[in-house]
Number of protein chains: 2
Amino acid sequence: MTQPPSTQEALADEGLTVRDRHALMHHEIRQRICLLDYLPGMRLSEAALAEEFGTSRTPIRRVLARLEDEGLVQSFHGVGTLVTDADFDALEQVYRLRVELTAMTGRLDPVPPDFGYIARFDQLVLRGAAIVQSGTARAFTQFDIDVFLTLQELTANQPLRQTLERLYFQTKRLWLRAAEEAQLDLEEEFKIFQHQLEAIQCALKSGDVEAVAHIQRAHISMSFNRLQQKAR
Amino acid sequence: MTQPPSTQEALADEGLTVRDRHALMHHEIRQRICLLDYLPGMRLSEAALAEEFGTSRTPIRRVLARLEDEGLVQSFHGVGTLVTDADFDALEQVYRLRVELTAMTGRLDPVPPDFGYIARFDQLVLRGAAIVQSGTARAFTQFDIDVFLTLQELTANQPLRQTLERLYFQTKRLWLRAAEEAQLDLEEEFKIFQHQLEAIQCALKSGDVEAVAHIQRAHISMSFNRLQQKAR
DNA sequence: GAATTTCATGATGTGTACAACACCAGTGAT
DNA sequence: ATCACTGGTGTTGTACACATCATGAAATTC
């Protein structure tokens, strides 16, 4: 009996290439940083991570180097590898660029959604409805990541997707931190997000990918404004 | 008597931190790829590069990993590290994104040029005039890189700069390859570029950074169209 | 008692040997 | 003659020992 392996087990699996193992570790650590399992300023030990993932420091160092290029950690010789702090002012530029780039997804190589895609999105909307009723900020963030990755499929422009993914994971921590510090009205945030999902769902069914992009853009912009408001 | 050290000598210098050495090697290898010293498909030997830069494979591997993330090389286990080929169709998406992002530099955190900046730009225009008269495609490309990096200073938005730099170095090889294959009228290309520089110079002196961005955008777009035309 | 020095500790960065892998030439059987 | 196999060679990937550096506590000196 074979069951889908967990992330940790997958690393021990033998059917994976080097690139796959690297991607898995990168995703996992990035996820932990964005879900605030690793808080800003926290020191990541290469040795500890190596032991956890059942490998040596060398592959871990490669992953951390990539995360450093992406702005999520920073290494200091003799000190350690520290999670960068999600400072509002420093990330304002990232947020504004994200807003503009999101609008662009509708114009640059849009991918018309097929039936399978719309069905998958319907599933997401259902999942979201459950979170509205009883969900934690953490579960919501994980959900938000899934929605983001799904919506990314609507653009065939690879460099645009790659760039947006970077920016997304750089800014995502801001929202979650504000939410956990009770600066945001969680219930209201959930409802707004659900409304956005339904609007996107509607646009998808009419095949209007550009409208989807504009809805996203508007909501990212408004979310940023709410953050800005509460941060002061 | 102290003179500015060359790239190779700088690596032997002792006053440099780890990060500086990494940046130097990264810049140097990136430059070689974009100036077609390393042709697409060519195999880069980690051992040879390590010896040349007077270090071991370990730091070289980190540089190559970054270049792989940037899409300039690709490593294959047991085969080698190959320079990616500058395929026109594959880079079309990059080009189009670059066009849009360049226009954005005028809107997102523009930096008003001061007298020192304008003076430096005047120097560039003079250098360009010399290339128009008697210049190789290679010298022109090197000049183009300098102009690009100078114009980047007009945006304070760091993530935007970082992204544009990536895209720029991904696409730059296309032009040079087309030029060396005599698909482009070099003299005409030089003149067009010089006209662009003068237009930008004019916009700079009136302090209109957004106009600078639009001039750039127009020329990148037109340059791409000329490439597309000649490639078929 | 306070400032300074020393040194133990633990972190990242580097060098190197070896493992895993792909490619190719040569060899043999069919 | 052709195909399959096998070993040699060179490459990237990994593990580990060591160098280098920053930090803080303890010892020492004034």
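No experiment lies behind these values; they were computed from the predicted model shown. Quick note on labels: first sequence line is chain A, next is B, and so on, each numbered from 1.
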**Item:** salt_bridge(A:Arg96, A:Glu100) N-O dist < 4.0 Å
**Value:**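 Salt bridge: no.
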**Item:** NZ/NE/NH1/NH2 to OD/OE distance under 4.0 Å, B:Arg138 and B:Asp37
**Value:**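 Between B:Asp37 and B:Arg138 there is a salt bridge, with a charged N closer than 4.0 Å to a carboxylate O.
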What integer distance in Å separates [X]:[atom1] from [N]:[atom2]?
{"X": "B:Gln74", "N": "D:dT12", "atom1": "CD", "atom2": "C1'", "result": "13 Å"}
{"X": "B:Glu51", "N": "C:dG15", "atom1": "CD", "atom2": "C1'", "result": "15 Å"}
{"X": "B:Phe53", "N": "C:dG15", "atom1": "CZ", "atom2": "C1'", "result": "18 Å"}
{"X": "B:Ile60", "N": "D:dG13", "atom1": "CD1", "atom2": "P", "result": "14 Å"}
{"X": "B:Glu68", "N": "D:dG13", "atom1": "CD", "atom2": "P", "result": "8 Å"}
{"X": "A:Glu46", "N": "C:dG13", "atom1": "CD", "atom2": "P", "result": "6 Å"}
{"X": "A:Arg43", "N": "C:dG10", "atom1": "CZ", "atom2": "P", "result": "10 Å"}
{"X": "B:Leu49", "N": "C:dG15", "atom1": "CG", "atom2": "C1'", "result": "17 Å"}

Within less than 4.0 Å of OP1 or OP2 of [N], is there a side-chain N or O belonging to [X]?
{"X": "B:Arg21", "N": "C:dT14", "value": "yes"}
{"X": "A:Arg61", "N": "C:dG13", "value": "yes"}
{"X": "A:Ser75", "N": "C:dT12", "value": "no"}
{"X": "A:Ser56", "N": "D:dA15", "value": "yes"}

Which listed nucleotide ([options]) is nearest to the side chain of [X]?
{"X": "A:His77", "options": "D:dC21, D:dG13, D:dT14", "answer": "D:dC21"}
{"X": "B:Thr58", "options": "D:dA15, C:dT12, C:dT16", "answer": "C:dT16"}
{"X": "B:Arg62", "options": "C:dG13, D:dT23, D:dT14", "answer": "C:dG13"}
{"X": "A:Val79", "options": "D:dA22, C:dT12, C:dA20", "answer": "D:dA22"}
{"X": "B:Thr55", "options": "C:dT16, C:dG15, C:dT14", "answer": "C:dG15"}

**Prompt:** Is there a donor on the side chain of B:Arg19 or the base of C:dG13 sitting less than 3.5 Å from an acceptor on the other?
**Reply:**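 No, the side chain and the base share no sub-3.5 Å donor-acceptor pair.
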**Asked** For DNA chain C, whose closest nucleotide is more 5', that of A:Arg57 or that of B:Arg57?
**Response**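 With A:Arg57 and B:Arg57 compared, the 5'-side residue is A:Arg57.
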**Request:** Let me know, please, whether A:Ser45 or B:Gly78 comes out on the 5' side of the other along DNA chain C by nearest nucleotide.
**Result:**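 Closer to the 5' end of DNA chain C: A:Ser45.
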**Gap between atom CZ of B:Arg30 and atom CD of B:Glu165 - 0.5 Å precision** =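 One gets 4.5 Å once the value is rounded to the nearest 0.5 Å.
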**Asked** Which part of the nucleic acid, if any, lies within reach of A:Leu82 when heavy atoms closer than 4.0 Å are counted: base, sugar-phosphate only, or nothing?
**Response**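 Nothing: the residue A:Leu82, judged by heavy atoms under 4.0 Å, touches no strand.
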**Prompt:** Within the structure shown, what part of the strands sits under 4.0 Å from A:Leu44 by heavy-atom distance: base, sugar-phosphate, or nothing?
**Reply:**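 Contact class for A:Leu44: sugar-phosphate only.
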**Message:** Students often mix this up, so state it plainly: with edges at 30° and 60°, are the rings of B:Phe190 and B:Phe140 parallel, tilted or perpendicular?
**Reply:**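 Aromatic pair B:Phe190/B:Phe140 classed tilted.
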**Item:** Atom CD of A:Glu51: over 12 foreign heavy atoms under 6.0 Å
**Value:**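 Not buried by this count: 12 neighbours or fewer within 6.0 Å.
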**Item:** Candidate list B:Thr105, B:Val99, B:Leu101, B:Val212, test side-chain contact (heavy atoms from CB on, under 4.5 Å), partner B:Arg217, passing option
**Value:**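 One option only clears the test, and that one is B:Val99.
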